Structure formats: C-alpha cells, structure tokens
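Worksheet: one structure, shown below.
In what follows, every chain begins at residue 1, and chains take the letters A, B, ... in the order their sequences are listed. Quick caveat: nothing in here was measured; it's all calculated off a predicted structure.
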2 protein chains.
Amino acid sequence: MRTVKPAEERKSEILDVAEQLFAAKGFDNTSTNDIINAIGIARGTLYHHFKSKEEILDAVISRITEALMRQAEAIATDKSIPLLERLTKTVMSLNVESQIGDEVKLQVHKPQNALLHQKMHQQLIGGVVPIVAALIDEGCREGIFSTPYPTEAVEMVMIYSNIAFDELEELGSEERVQRIQAFIYHTERIMGAEEGLLQEPISKIFSI
Amino acid sequence: MRTVKPAEERKSEILDVAEQLFAAKGFDNTSTNDIINAIGIARGTLYHHFKSKEEILDAVISRITEALMRQAEAIATDKSIPLLERLTKTVMSLNVESQIGDEVKLQVHKPQNALLHQKMHQQLIGGVVPIVAALIDEGCREGIFSTPYPTEAVEMVMIYSNIAFDELEELGSEERVQRIQAFIYHTERIMGAEEGLLQEPISKIFSI
DNA sequence: TCCGCCAAGACCGACAACCTGTCGGTTAGT
DNA sequence: ACTAACCGACAGGTTGTCGGTCTTGGCGGA
C-alpha cells in the first residue's frame, strides 16, 4: 500500500534524510538510491519533488544557512546587548559545527564535498556579511572601530577564517595558538581597533 | 596497429589532453571516455597509467601549480629587482589566468569545478605563502612593512583575494573599483605599510 | 655478429556494477 | 472524476576491472 503525503511534508522528509546522509557519507558518495531506500519511496517520487540531485543539495544547504542566518540576525539586532558581546555572539551563532552535529563538521572539509563546502560558504558569507558589517559600522560610530570599508573588511575576515580554520584541528597546539593570535591581531588592524580589543572576544569564539 | 610509448610520454600525453578538456568543459563534465577518445587509446590504457580519474586531476593540478611556483620563486629571489617590484611581479606571475588560457579562467569558478578549484587553491596557497612571506619579512627589515606575523598576514591576504576576486568580472565597474580600493587599504593595514604604498603595485596587479 | 627467445610492461576492449534522470501508467484523496 | 502524489522499469551514461594480446629490448647461444 502506498503512502501519500502532502508535498511539503514529503519534501522535508527527503531533505531530512538527505542532510543526514550527506553529513554521514559526503555528497558525492551518497546516491539518490541511498536516499530513496532510506525513506522507502520510489525513484519517481524523489524526482517528482526535486528535479535533480543538485537541487536537493541546494535545498539542504538553504535550509541550514537560512536557519543560521535568522538566528544570527536576531542576535545582531538585539540592542539590549553591548556591541562587542553582540558581535561575538553573532559570529559564534554561525559556527556551523555546533548546529548540524559533528558528522558534518568532518565531512564538510573533505575533498569529495568541495561543492557542498563552496555553496555553503557562498550562501553564508553572502547573507552574513551585511549583518556583521552593520555591527562594525555601529562600532565605528561608537569609536571602537575605524574603517572606511566596513563591508569589505568583514568579508575579508570572514572569508579568511572560514577557509583557514577548516583544518585547525589538525595543527599542533602551539601553531594553533599562533594562528589564532595572528588572526586576532590582523582583525584588529583591519577593523582599526585598538590592539587587544578583540583578544578576549575572539578567544571566546574559538573557545580557548 | 597499436602504438607503444614509454610510460612517461604516454602519461604526459594523457595529462595534456585532460588539462585541455577540463579547461574546456569542466572536470565533472569530462568523462574518461572523452579523454581516451581524444587520444585514441583504450580504456585499459588510461587505467594502466592512472588509477582513477581523480588521480588524473591531481596530476594535472600539480603540473600547473608546480610550474607556477617555480616561476614565482625565481622572481621572488631575484635580488636585482627592488623589493616592491619583486613583490608585485611575484604575485602577478601567479595569476593562473595568464598561464593556462582563458578557458580555465572561466571554468575554474563554475560550481562543477569546485573540486578542481579547491585543490588548486590549496596547493597554490600552500606553496606560495612561504615565498611571499619571505618578501614581506624582507620588507619589515627594510622598514616599509611591519607585522609580527608575516606568514599569517600573507595567508590572509592571499586566501581572501583568491576567493573574493573569483567573480570580479561580474561586478559593476564602480563596485569593482570599490572592492579593489578596499582590498588595497586593508592589505596595507595588515602588512603595517604606510597608506598608499601599495596603491600603485596592486593596481598594476589588477591591470587597472 | 647475428638470430631467436623470453619476460616485462604497455596496451586492449568487453564487462560488471554502478549512477542519474525520464516517462507512461497507477492509485489515493478531495 | 480530476488532480497530484507515487511507482518502477528503462535508457543512457559513468567509472574502474580483468584476462588476454602485442611490442620491445635484452640476453644467451650459434
């Protein structure tokens, strides 16, 4: 007996399973057969709801990044929190790893998932940069930051950290610290902040 | 009648064709059949020399990046050129686009080539950062730069530019200029250079 | 010096085992 | 009964494998 579900429900069922499989085995190593078998639907059903495997990937990524960004925006605009703390919390809320579990964390960086990684990175950066840039702007008016190009400054810092800290775990602990210290130092320079201003906030982000 | 060639010759023949096809159609859209048909060899021959399609990709990338890096290093260590100019030329020599033709330039950024892009990026960054960092170090001793973390500074600037300027062509010309100006400004800040020092060199790199 | 032999390894192409996406037909709800 | 969710066989493609074939260069014997 076949089970019929409203399209939206079936779609999100597919996305749930796909997300979990992509996380567990990587995008390239997950076949559409894996997905339909895990759910117990037929090939045609999958393609009735999504027109290609890549569209599934896009939907999975959108779901994740949209959730992250809603959350980040909520924090970023909460004026009851002091600016610097708000900045910290906003950035921390984007820590993909904390959101979608450890499996993804491992998978995202593997070569097989270059596409997933790239798409996720693009969407996240695109959505988040304006949010954070607004905070930096606010900081400029407060006088703790100073940059004529807040958007580009944020872009630079975020792109770098997203790429460079991909393989942070693989480093020895002393090199790890060195990299983070350098990152703090350079971020302060880019943002035109007083030396040391970001020491404590960024350390917290990296949970040292 | 079958043609027999020494392994090295056949290998590089395969790499030549593969490089050209990857450049023309992208990695994912190039099948191993495309490669063997273009050369006129059999399936088994290809797999006699390379154990997988990905190994071919790796070899293609290595060939390109190694050539680029030899060239960059030659320039970077040529003490007869003034430091700033040497820096400019070193970075310009890495402009992948100038090396492997316009096709690659278009292809490298397409989503299908996420893997190619990522691998190339990693290899290039890994090899080039130390070369350029040495130049920055020299600049610090000369007094035109000042940073306690030359390696990380270079890493930050190079990673960012490699990612952020991927889609530079798609931008409107005024936003393009803004981005480049911002990049110059932030690079100066990171390197601890006097404002304006890099204006002319970096403009040249972007061929404005 | 020449010849025949032989092993190594370059080469071949059929084939297995996947994969994605399509399409006509079926069935459940409203 | 009509819409839309669902089905599964199938076409057309892919990568990688494997047993067998052909070339070639070196070597031993005449």
Side-chain angles (χ1 to χ4, degrees), chain A residues 1-61 107 110-116 119, chain B residues 1-61 107 110-116 119:
Chain A
M1 69 262 121
R2 71 169 65 176
T3 359
V4 176
K5 296 188 181 182
E8 281 316 306
E9 190 178 331
R10 186 64 90 190
K11 267 192 172 177
S12 77
E13 187 181 6
I14 293 171
L15 294 182
D16 288 342
V17 171
E19 179 174 333
Q20 194 226 317
L21 286 172
F22 292 166
K25 319 186 353 177
F27 175 69
D28 283 1
N29 291 335
T30 301
S31 72
T32 50
N33 282 325
D34 292 339
I35 299 175
I36 64 184
N37 291 336
I39 308 182
I41 57 174
R43 204 148 186 70
T45 306
L46 186 77
Y47 281 90
H48 177 71
H49 293 287
F50 296 94
K51 78 176 215 299
S52 72
K53 189 186 168 189
E54 186 162 348
E55 195 178 281
I56 298 176
L57 176 65
D58 289 341
V60 165
I61 292 175
Q107 280 295 333
K110 291 202 181 154
Q112 319 152 342
N113 289 328
L115 184 60
L116 191 160
K119 289 195 167 186
Chain B
M1 65 261 116
R2 71 169 65 175
T3 1
V4 175
K5 297 188 180 181
E8 280 316 306
E9 191 178 331
R10 188 62 91 188
K11 267 192 173 178
S12 77
E13 187 181 8
I14 292 171
L15 293 182
D16 289 341
V17 171
E19 178 174 334
Q20 194 225 317
L21 286 173
F22 292 167
K25 319 187 349 176
F27 176 68
D28 283 1
N29 292 334
T30 301
S31 71
T32 50
N33 282 324
D34 292 339
I35 298 174
I36 65 184
N37 291 337
I39 307 181
I41 56 173
R43 205 148 186 70
T45 306
L46 186 77
Y47 281 90
H48 176 72
H49 292 287
F50 297 93
K51 79 177 214 296
S52 71
K53 191 186 167 188
E54 186 163 348
E55 194 177 284
I56 298 177
L57 177 64
D58 289 342
V60 166
I61 292 175
Q107 281 296 334
K110 291 202 182 155
Q112 319 153 343
N113 290 326
L115 184 61
L116 192 159
K119 288 194 167 186

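Across the protein-nucleic acid pair, B:K25 atom NZ and D:dG13 atom C1' stand 12 Å apart, rounded to whole Å. Atoms CG (B:L115) and P (D:dT15) sit 14 Å apart, rounded to a whole Å. Look at CZ on A:F50: it is 13 Å from P on C:dG21, rounded to the nearest Å. The distance between atom CD of A:E55 and atom C1' of C:dT22, rounded to the nearest whole Å, is 15 Å. What separates CD of A:E9 from C1' of D:dC6 is a distance of 15 Å, to the nearest Å. One atom, CG of B:N37, and another, C1' of D:dG13, lie 13 Å apart when rounded to the nearest Å. The distance from atom CD of A:E8 to atom P of D:dA4 is 14 Å, rounded to the nearest whole Å. A straight line from CG of B:D28 to P of D:dG13 spans 17 Å, rounded to a whole angstrom.
For the pair A:N33 and C:dC19, the criterion of a side-chain N or O lying under 4.0 Å from OP1 or OP2 is met. In this model, the phosphate group of C:dC11 is approached by a side-chain N or O of B:H49 to a distance below 4.0 Å at OP1 or OP2.
The two atoms that bring A:T30 and A:K53 nearest to each other are O-NZ, 2.8 Å, heavy atoms only. Of all non-hydrogen atoms in A:A42 and A:I36, the two that sit nearest each other are O-CG2, 4.0 Å. Scanning all heavy atoms of the two residues, the minimum distance from A:I35 to A:V17 falls at O-CG1, 4.2 Å. For A:R10 against A:T3, the heavy-atom pair with the smallest separation is NH2-O, 2.9 Å. Residues A:F50 and A:A59 share a closest heavy-atom pair of CE2-CB, 4.1 Å.
Residues of residues 39-48 of chain B having a heavy atom closer than 4.0 Å to DNA chain C, listed by number: B:I41, B:A42, B:R43, B:G44, B:T45, B:H48.
For A:K51 and B:V4, each mapped to the nucleotide of DNA chain C holding its nearest heavy atom, the one lying further toward the 5' end belongs to B:V4. Along DNA chain C, the nucleotide nearest to A:T32 and the one nearest to B:K5 differ in position, and the one closer to the 5' end is contacted by B:K5.
You'll find the side chain of A:I14 reaches within 4.5 Å of the side chain of A:I41, heavy atoms only.
Residue A:S31 has its side chain nearest to C:dT20 when only D:dA5, C:dT20, C:dC11 are considered. Closest to the side chain of B:R10, from the set D:dT15, C:dC11, D:dG16, is C:dC11. Closest to the B:R2 side chain, of the nucleotides D:dG20, C:dA28, D:dT15, is D:dG20. Among the nucleotides C:dC19, C:dT26, D:dG16, the one closest to the side chain of B:K53 is D:dG16.
At least one donor-acceptor pair closer than 3.5 Å links the side chain of B:N113 to the backbone N or O of B:F27.
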